[in-house]
Amino acid sequence: MAAKRQKLTQQQKSRIAANQQKRLAKKAKAAQNTEVDLNELNLQPGIVISRFGEQVDIANLNGQIFRAFLRQNLGSCVSGDRIRFHENEAGDMVVAAIEPRTSELNRPTPHAGIKTIVANVDQILVVVAPFPDYSSIVLDRYLVACELAHIPTAIVFNKVDLYNPQTEALFQEQKSIYQSIGYPTYEVSCESGKNIQQLMGALTQKENILVGLSGVGKSSLINALMPKTEAVVGAVSENSRLGTHTTTASTLYFLPDGGHIIDSPGIREFGLSHIEKEELIAGFIDLTPLVVDCKFRNCSHLNEPGCSFDHAVKLGKVSQQRVQNFRKIFTSISGGN
Ligand code: GDP
Ligand code: ZN
């Protein structure tokens, strides 16, 4: 009896030891997990569709969507991020790692400095329309931000079904100004479907984002481009940190023949408040090559004698509108900021 008990105890002891070993191994693995061993763990590749506070909607390579938690200290994780995720013991999906980004779009925030809104964009579409009122300076501000982010950009002229003789003439002129700078342009109508397939061709296999003022038709474009079944619908989230209400959710939609398009309320009005006056010229790619011809090396291109900009306008090398907008935006950027 005693011997038996002794034997059992030994069995128990070794079982306890074995369990302890297992637990330790598990803990070690969990610790490794926080350092993310991409090879050893059973991590699946995926992409972030939309962020909701501390959770994200992610899609795997088959386009299946999951709501997932973020591993602690993961860092910034936004729509378009390529990630690795796994299912934990509780059956929850956990994003364990974020792959290096090829690009990111940022916007300044009142309290948190510069914040990344979306990642891995390789084409920006700036959407403009006759309604709400078109303003070339608004378009140019977007283009500056796109150029400073080093992301190829195209311009979508939407609502062409609403053109009247005046707006038709205006937009023909605008189209030629921006085409001659080198921006691809598309004239489309979500209402009639005009050129929507042509636009789709330009988006396919790319990682696109729509920007533009509210009301120009970004959501309508998503719906026109894709049958409803293709669209992944994400809810809009309100982030109420620090007492400010900012709508932050961006949503990624898969295109039927590859690639995706992100509609991001957070980036719709991405500002220029974080750029320096000296940086602005790099955002005007048609004016940048002219600066070497200015009389003064530190020419601000506003009204200095010998500024090459006015001469280039006279020669028809650049549009007066662009020079005027450069000057207006330059003046609007507060000194040294
Ligand atoms: P968003 O704020 O940029 O997402 O703009 P919406 O997609 O919500 O569109 C704003 C308004 O413009 C809606 O009433 C749309 O029906 C309308 N709209 C969008 N595209 C077109 C278009 O091509 N033609 C016309 N006539 N209206 C459009
Ligand atoms: Zn100059």
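Because the structure is predicted, anything quoted here is derived from the model rather than measured.
- Although no hydrogens or angles enter the test, the distance criterion places a donor-acceptor pair under 3.5 Å between the side chain of N208 and the main chain of H260.
- Under the 3.5 Å distance criterion, the side-chain polar atoms of Q205 are matched with a main-chain donor or acceptor of D257.
- Taken from CD in Q64 to CD in Q44, the straight-line distance is 8.0 Å, to the nearest 0.5 Å.
- Looking at heavy atoms from C-beta onward, Y178 lies in side-chain contact with R322 at the 4.5 angstrom threshold.
- In plain terms, the two heavy atoms of Y142 and L213 that are nearest each other are OH-N, 3.4 Å.
- Looking at heavy atoms from C-beta onward, I329 lies in side-chain contact with F284 at the 4.5 angstrom threshold.
- At least one cation-pi condition fails for R327 and F309: the charged atom is not both under 6.0 angstrom from the six-membered ring centre and inside a 45 degree cone around its axis.
- Under the side-chain contact (heavy atoms from CB on, under 4.5 Å) test applied with I155, the options V128, L125, I181 reduce to a single match, V128.
- Classification of the F171-F157 ring pair by plane angle, with boundaries at 30° and 60°, yields perpendicular.
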Derivation and outcome, side-chain contact (heavy atoms from CB on, under 4.5 Å), residues C77 and R51: CA-CA 8 Å; C77 182; R51 170 133 191 197; 4.0 Å; yes
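- Across all their heavy atoms, I177 and S319 have their closest contact at CG2-OG, 3.8 Å.
- The minimum heavy-atom distance linking T116 with S76 is given by the pair CB-OG, 4.2 Å.
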Donor-acceptor list for residues 192-199 side chains, cut-off 3.5 Å, not counting sequence neighbours:
{"residue": "S192", "atom": "OG", "partner": "S189", "partner atom": "OG", "Å": "3.3"}
{"residue": "S192", "atom": "OG", "partner": "K194", "partner atom": "N", "Å": "3.2"}
{"residue": "N195", "atom": "ND2", "partner": "E187", "partner atom": "O", "Å": "2.6"}

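- With R297 contributing its side chain and C299 its backbone, the two residues share no donor-acceptor pair below 3.5 Å.
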Residue pair Y183, D286: steps toward the side-chain contact (heavy atoms from CB on, under 4.5 Å) verdict: CA-CA 11 Å; Y183 293 108; D286 47 343; over 6 Å; no
Chi angles and distances behind the salt bridge (Lys or Arg N to Asp or Glu O under 4.0 Å) call for K159, E191: CA-CA 7 Å; K159 308 196 192 183; E191 193 75 12; over 6 Å; no
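- Note that the CG atom of L105 and the SG atom of C146 stand 7.5 Å from one another [nearest 0.5 Å].
- In terms of heavy atoms, N158 sits closest to G217 at ND2-CA, 3.8 Å.
- Put simply, the side chain of T153 gets close to the backbone of I151: a donor and an acceptor are under 3.5 Å apart.
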Worked verdict on S220 versus N223 for side-chain hydrogen bond (donor to acceptor under 3.5 Å, both in side chains): CA-CA 5 Å; S220 307; N223 290 331; 5.9 Å; no
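- V78 has its side chain within reach of R101: a pair of non-hydrogen atoms, C-beta onward, lies under 4.5 Å apart.
- Side-chain contact between F326 and V144: absent, with no pair of heavy atoms (C-beta onward) separated by less than 4.5 Å.
- For the atom pair I285 CD1 and E147 CD, the distance stands at 4.5 Å (nearest 0.5 Å).
- L255 places a side-chain heavy atom less than 4.5 Å from the side chain of M226.
- Between the side chain of D81 and the main chain of I83, no donor-acceptor pair closer than 3.5 Å is present.
- Put simply, I47 and V94 are part of two different groups of oily side chains (I, L, V, M, F, W, Y) that touch within less than 4.5 Å, one to the next.
- Between S332 and R141, some side-chain heavy-atom pair lies under the 4.5 Å cut-off.
- Proximity of I222 to L210: side-chain heavy atoms (C-beta onward) are separated by under 4.5 Å at one or more points.
- Here the side chain of K206 pairs no donor or acceptor atom with the backbone of D122 at under 3.5 angstrom.
- If you chain together hydrophobic residues whose side chains sit under 4.5 Å apart, V323 and L302 fall into the same group.
- The backbone N or O of T102 sits less than 3.5 Å from a side-chain atom of N120, completing a donor-acceptor pair.
- If you chain together hydrophobic residues whose side chains sit under 4.5 Å apart, F69 and V95 never meet in one group.
- Cluster membership check: V313 shares its hydrophobic cluster with V291, using side-chain heavy-atom separations under 4.5 Å among Ile, Leu, Val, Met, Phe, Trp and Tyr.
- With hydrogens and angles disregarded, a donor-acceptor distance shorter than 3.5 Å links the side chain of S79 to the backbone of S250.
- Each of F131 and I137 belongs to its own hydrophobic cluster when Ile, Leu, Val, Met, Phe, Trp and Tyr are linked at side-chain heavy-atom distances under 4.5 angstrom.
- Expressed to the nearest 0.5 Å, how far CD1 of I333 lies from CG of L280 amounts to 4.5 Å.
- No side-chain donor-acceptor contact under 3.5 Å links K218 to the backbone of V211.
- L61 approaches P45 most closely through the heavy-atom pair CD1-CG, 3.7 Å.
- Here the side chains of F330 and K277 are in contact, with some heavy-atom distance below 4.5 Å.
- Under the 3.5 Å distance criterion, the side-chain polar atoms of T204 are left unmatched by any main-chain donor or acceptor of G258.
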Worked check of side-chain contact (heavy atoms from CB on, under 4.5 Å) between H311 and L290: CA-CA 10 Å; H311 189 54; L290 302 179; over 6 Å; no
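- One finds the CD1 atom of I49 at 4.0 Å from the CD1 atom of I65 (value rounded to the nearest 0.5 Å).
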V160 vs Y186, side-chain contact (heavy atoms from CB on, under 4.5 Å): CA-CA, chis, key distance, verdict: CA-CA 10 Å; V160 299; Y186 302 92; over 6 Å; no
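- Contact between A282 and T288 at its shortest, heavy atoms only, is CA-OG1, 4.1 Å.
- To the nearest 0.5 Å, atom CD1 of residue I124 and atom CD1 of residue I262 are 11.0 Å apart.
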